[in-house]
Amino acid sequence: EYGQEGVEQNSVTFTIDFNDRKQTIHGFGASDAWSIQFVGRNWPLEKREQIADLLFSLEMDSEGNPKGIGLSIWRFNIGAGSAGQGGESGIKDSWRRAESFLTADSTYDWDKQQGQQWFVKAAHRRGVDTFIGFVNSPPVLLTKNGKAYGDGSAEANLPLANYEKFADYLARIAHYFKEQGTPFTYISPVNEPHWNWSRNNGQEGSPYQNAEISVLAEILDRKIREYDLDSKVGIPEAARIDFLYGGDLPGRNNQIEHFFGSDSHIKQLSAVARKIAGHSYFTTWPVDEMIEQRRRVKESVQNAAVPIEYWMTEYCILAHNEEIRGGGRDLGMDPALYVARVLHYDMTIAGAVSWQWWLAVSPYDYKDGLIYIDKNTQNGKADDSKLLWGLGNYSRFIRPGAVQLGVNRSDRATPEEAAVQLMVSSYYHEEQKAATVVLINYEYNDREVRAIFENSPGSVSEFTPYLTSKEADLEKQGSIKRGELFIMPARSIMTLQADIER
């Protein structure tokens with residue numbers, strides 16, 4: 001039973017220090033690419049609402065269990081118009097094509113992307129107020145080759161003469177969403193600019209050189225001010241986090257230094273966000289390399305010429321190693337734990353202030369979704385996953401504005417050792433007068449654990465635990481008294497929620 005006293009052999013005590021305050025968290029999110037265009041437009045309203053509840057709801061059921069994972073950030077894919085080209089788009093899978101608001105006569109059709117617009121409103125109704133408009137490719141009407149993917153070169157599929165039009169297009173779309181009451185907090189004009197995004201990639205995309213991104217960001221900064229928007233430009237959505245501090249692609253490397261170093265001319269622009277966005281793909285194995293890469297991200301962020309934040313804005317499981325394989329759906333705990341570990345080190349080592357998953361809803365036989373659906377444009381079945389609920393151990397309880405706290409552990413395990421054993425992080429919500437502790441037990445054995453607070457601004461009498469395991473989906477457990485040993489089940493993720501009584 002939870003909270004039951006036990007033998008302290010092999011137990012671990014975690015001491016959370018309220019004086020050791022680290023980064024402020026902005027939230028957790030996911031993207032609407034690409035299935036939301038069909039689900040949000042065509043599927044029965046009841047099923048749409050159920051999916052939206054799973055993703056965004058902050059409500060509890062009658063037994064005190066969360067109805068959803070309370071995402072606080074939503075990425076809206078501003079499509080390039082490949083859907084309108086159909087088979088001529090060169091993108092074989094119609095689910096990976098996207099509509100565009102821009103029409104052939106250079107007017108705007110706001111009835112496009114209806115399914116995605118429905119989910120923006122559904123998210124907003126459930127409390128989401130941070131929206132990111134992200135772009136895989138400029139609209140096909142503006143690209144060099146009339147397609148939503150590149151020609152195989154490493155340069156932008158956008159003529160220099162069309163940069164102004166592209167920036168105006170993005171600002172106009174942002175203005176529309178502002179009028180709808182769901183403004184974009186950020187606009188990400190490029191996505192994974194390191195890949196060449198030729199026809200063989202099978203989706204919308206465009207490469208960019210660092211210099212091209214700088215020019216585009218400067219023009220978009222001006223357009224944002226012209227349209228009187230509060231949005232900020234978010235860059236560069238690096239395809240791998242090592243491109244932020246190094247890399248092997250000349251002209252696309254060392255992006256922290258390029259955009260926020262001493263020689264950067266865009267770092268002082270008012271509408272360019274003081275943040276660097278990267279994706280955790282291909283940097284999660286082996287474990288010691290994963291941790292070292294995140295240390296280097298943090299060091300590079302700290303060495304920027306201006307204060308910047310690190311945002312981890314996209315990840316799903318592409319890895320193939322002895323612990324996990326990207327191919328094939330798996331609704332169980334293995335992918336949930338693998339992702340929780342990546343999230344843990346993105347937050348605790350790299351110092352990420354935000355963490356965002358790739359596909360909120362996936363129709364694919366892959367480890368890329370939080371919710372999985374039939375590949376049916378009109379209706380179908382939707383299945384939740386342990387990955388959904390495991391992310392919820394963070395997103396539902398660590399709300400925007402929370403501050404990460406330092407944690408000391410009695411076993412003195414290094415991050416490398418903890419990665420295959422017990423991991424823990426903690427967060428303080430001053431406004432809500434609450435603290436959150438998230439534990440991951442990667443082992444195949446139960447462990448005895450104790451969590452205690454140091455330098456707390458108030459007293460704590462008990463913790464309320466929420467467990468994600470083979471048997472439980474973010475389920476409320478019996479309360480744990482302050483300072484007592486409790487069982488952390490094998491292969492599970494647990495959140496401890498505590499009220500701070502002043």
Side-chain angles (χ1 to χ4, degrees), residues 31 33-34 77-100 102 104 134-167 169-170 188-217 219-220 235-244 246-255 258-259 277-283 313-316 318-320 326-327 358-359 364 366 368:
S31 81
W34 292 282
N77 179 25
I78 301 174
S82 57
Q85 295 177 319
E88 297 301 313
S89 68
I91 300 173
K92 293 180 181 179
D93 185 354
S94 62
W95 284 69
R96 288 177 174 239
R97 302 171 194 155
E99 294 181 338
S100 174
L102 186 63
F134 82 100
V135 180
N136 287 322
S137 164
V140 293
L141 293 172
L142 300 182
T143 59
K144 290 178 180 177
N145 58 5
K147 303 292 185 183
Y149 52 81
D151 59 7
S153 73
E155 296 181 350
N157 186 25
L158 182 71
L160 186 59
N162 284 349
Y163 276 47
E164 184 90 11
K165 292 179 181 178
F166 180 38
Y169 155 90
L170 293 175
S188 292
V190 306
N191 188 64
E192 298 191 351
H194 304 90
W195 308 144
N196 289 344
W197 296 115
S198 63
R199 180 177 184 143
N200 294 331
N201 286 108
Q203 66 180 74
E204 296 186 348
S206 174
Y208 287 86
Q209 296 288 307
N210 287 343
E212 293 174 319
I213 298 173
S214 293
V215 172
L216 180 57
I219 298 171
L220 184 53
I235 53 175
E237 303 286 352
R240 296 191 320 240
I241 63 172
D242 53 324
F243 287 124
L244 296 176
D248 53 5
L249 295 175
R252 294 184 274 185
N253 294 336
N254 299 306
Q255 292 189 306
H258 181 88
F259 298 117
H279 300 174
S280 281
Y281 298 119
F282 309 113
T283 60
T313 48
E314 190 177 303
Y315 180 70
C316 72
L318 302 181
H320 292 268
W358 173 219
L359 297 182
Y364 296 109
Y366 213 78
D368 57 357

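Starting from 1, each residue takes its place in the sequence as its number.
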Out of curiosity, Trp195 CH2 to Asn201 CG, how far, rounded to the nearest 0.5 Å? 10.0 Å
Close side-chain approach of Leu244 and Pro236, heavy atoms under 4.5 Å: yes
Side-chain (Asn254) to main-chain (His258) donor-acceptor, under 3.5 angstrom: no
Using only atom types and a distance under 3.5 Å, with no angle test, would you say the side chain of Arg199 pairs donor to acceptor with the backbone of Gly150? no
Using a 3.5 Å distance criterion without hydrogens, assess whether the side chain of Asn210 forms a donor-acceptor pair with backbone atoms of Asn253. yes
Nearest non-hydrogen partners of Trp358 and Ser31, listed with the distance: O-OG, 2.6 Å
In short, Ala238 meets Phe243 closest at the heavy-atom pair CB-CB, 4.4 Å
Output yes when a side-chain donor or acceptor of Arg252 lies under 3.5 Å from a complementary backbone atom of Pro193, and no otherwise. yes
Looking only at non-hydrogen atoms, find the nearest pair between Trp197 and Asn191 and report the distance. NE1-O, 3.8 Å
Just so I know, are the side chains of Trp34 and Asn136 near enough to count as touching, which here means a heavy-atom distance under 4.5 Å? yes
Between Ile78 and Phe134, is any pair of side-chain heavy atoms under 4.5 Å apart? no
Just by modelled atom types, is the Ser82 backbone N or O under 3.5 Å from a matching donor or acceptor in the Lys147 side chain? no
Could you pull out the closest heavy-atom pair between Tyr208 and Pro189, with the gap in Å? OH-O, 4.3 Å
Side-chain donor-acceptor pair present, Asp151, Ser153, cut-off under 3.5 Å: yes
For the pair Glu212 (side chain) and Gln209 (backbone), establish whether a donor and an acceptor sit closer than 3.5 Å, ignoring hydrogens and angles. yes
Looking only at non-hydrogen atoms, find the nearest pair between Tyr149 and Gln203 and report the distance. CB-O, 4.0 Å
Main chain of Leu142, side chain of Asn162: is a donor-acceptor contact present, judged purely on distance under 3.5 Å? yes
Between the main-chain N or O of Asn157 and the side-chain N or O of Ser206, is there a donor-acceptor pair closer than 3.5 Å? yes
Looking only at heavy atoms, which two atoms of Ile219 and Ala167 are closest? And how far apart? CG2-CB, 3.6 Å
Find the distance between CG (Leu160) and CD (Glu155) and round it off to the nearest 0.5 Å. 11.0 Å
Could you tell me if Thr313 and Glu237 have a donor-acceptor pair between their side chains, going purely by distance under 3.5 Å? yes
Side-chain contact test, heavy atoms from C-beta onward, threshold under 4.5 Å: evaluate it for Leu359 versus Tyr366 and give yes or no. no
Can you tell me if NZ on Lys165 sees more than 12 non-hydrogen neighbours from other groups inside 6.0 Å? no
When rounded to the nearest 0.5 angstrom, what is the spacing between CD1 in Ile91 and CZ in Arg96? 9.5 Å
dist Ile235:CD1 -> Leu216:CG (nearest 0.5 Å) comes out at 9.5 Å
Nearest 0.5 Å please: distance from the OG1 atom of Thr283 over to the CD1 atom of Ile241. 4.0 Å
Side-chain contact test, heavy atoms from C-beta onward, threshold under 4.5 Å: evaluate it for His194 versus His279 and give yes or no. no
Say whether, by atom type as modelled, one donor and one acceptor occur between the side chain of Asp242 and the main chain of Gly247 under 3.5 angstrom. no
Between the side chain of Asp93 and the main-chain N/O of Trp95, is any donor-acceptor distance below 3.5 Å? yes
